[in-house]
Amino acid sequence: MNHVTENPLETRSKRPLLLTLLCICTFVGSSIFVIASFLGIISSSLISRRIEELAPEGAAISEKILLLTSFTILILFGLRLWGAIFMFYRKKSGFILYAIPSGLLLIITVVLAFATYHPIVIIYLVASLAFLVLYAMQLKNMK
């Protein structure tokens with residue numbers, strides 16, 4: 001008897017290179033923001049004390065704003081990271097986990113872009129839009 005056994009790794013379709021590269025870039029970028037926001041949460045009181053030394057009238061609200069901002073960034077980039085992990089394993093639900101916080105971040109970035117006209121903000125805006133479009137193009141490769 002000749003039994004032909006299939007290798008499950010060979011029968012599975014492979015993840016496209018573009019999807020792999022997008023996910024790796026998202027892992028790196030989102031991880032940096034998650035770590036930075038976590039550090040912002042931990043050090044918000046220290047930073048607030050430093051602001052109080054420089055501008056006593058702004059100290060009462062500065063810690064709360066820093067804490068809220070850091071926590072919001074932690075949640076948004078954490079969801080993007082989680083979505084990228086799902087998309088790395090070719091799950092369509094990862095795109096939703098990525099797209100919703102990305103949309104919220106895009107709204108904030110558009111406001112910042114019009115308020116500051118800073119090149120870094122504009123570059124981030126263009127890159128975020130490009131990632132959303134490229135991930136959307138990869139949906140056909142996800143389950």
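The figures here come from the full heavy-atom set of this structure, side chains too, leaving out hydrogens, waters and symmetry mates.
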From I24 atom CD1 to T26 atom OG1, the distance as rounded to the nearest 0.5 Å: 10.0 Å
L81 versus S30, closest heavy-atom pair with distance: CB-CB, 3.9 Å
Any side chain to side chain donor-acceptor pair (under 3.5 Å) pairs touching residues 120-134, not counting sequence neighbours? R80-Y124
Please say yes or no: joined through hydrophobic side-chain contacts below 4.5 Å, possibly via intermediate residues, are I73 and L67 part of one cluster? yes
Shared-cluster residues of I108, by chain and number - hydrophobic side chains joined below 4.5 Å: L112, V121
Is there a donor-acceptor pair under 3.5 Å between the side chain of R15 and the backbone N or O of R90? no
Test of understanding: clusters of I, L, V, M, F, W, Y form through side-chain heavy atoms closer than 4.5 Å, transitively. Do F71 and L104 belong to the same one? yes
Partners passing side chain to side chain contact (heavy atoms under 4.5 Å, CB included) against V34 (at least two apart in sequence or in another chain): L74, F77
Got a sec, which residues hit side chain to side chain contact (heavy atoms under 4.5 Å, CB included) with L97, two or more places apart in sequence or on another chain? L79, W82, F86
For F27, which residues count as a ring pair (Phe, Tyr, Trp, His ring centres under 6.0 Å) partner, sequence neighbours excluded? F88
Transitive ILVMFWY cluster of V110 at side-chain heavy atoms under 4.5 Å: who else is in it? L18, L19, L22, M87, F95, Y98, L106, F114, Y117, L125, L129, F131, L132, V133, L134, Y135, M137, L139, M142
Hey, could you give me each pair passing side chain to side chain donor-acceptor pair (under 3.5 Å) that has a residue in residues 31-46? Not counting sequence neighbours. none
Any residue meeting side chain to side chain contact (heavy atoms under 4.5 Å, CB included) with I123, in chain and number order, not counting sequence neighbours: none
Going by side chain to side chain contact (heavy atoms under 4.5 Å, CB included), name the residues that satisfy it together with I32, two or more places apart in sequence or in a different chain. V28
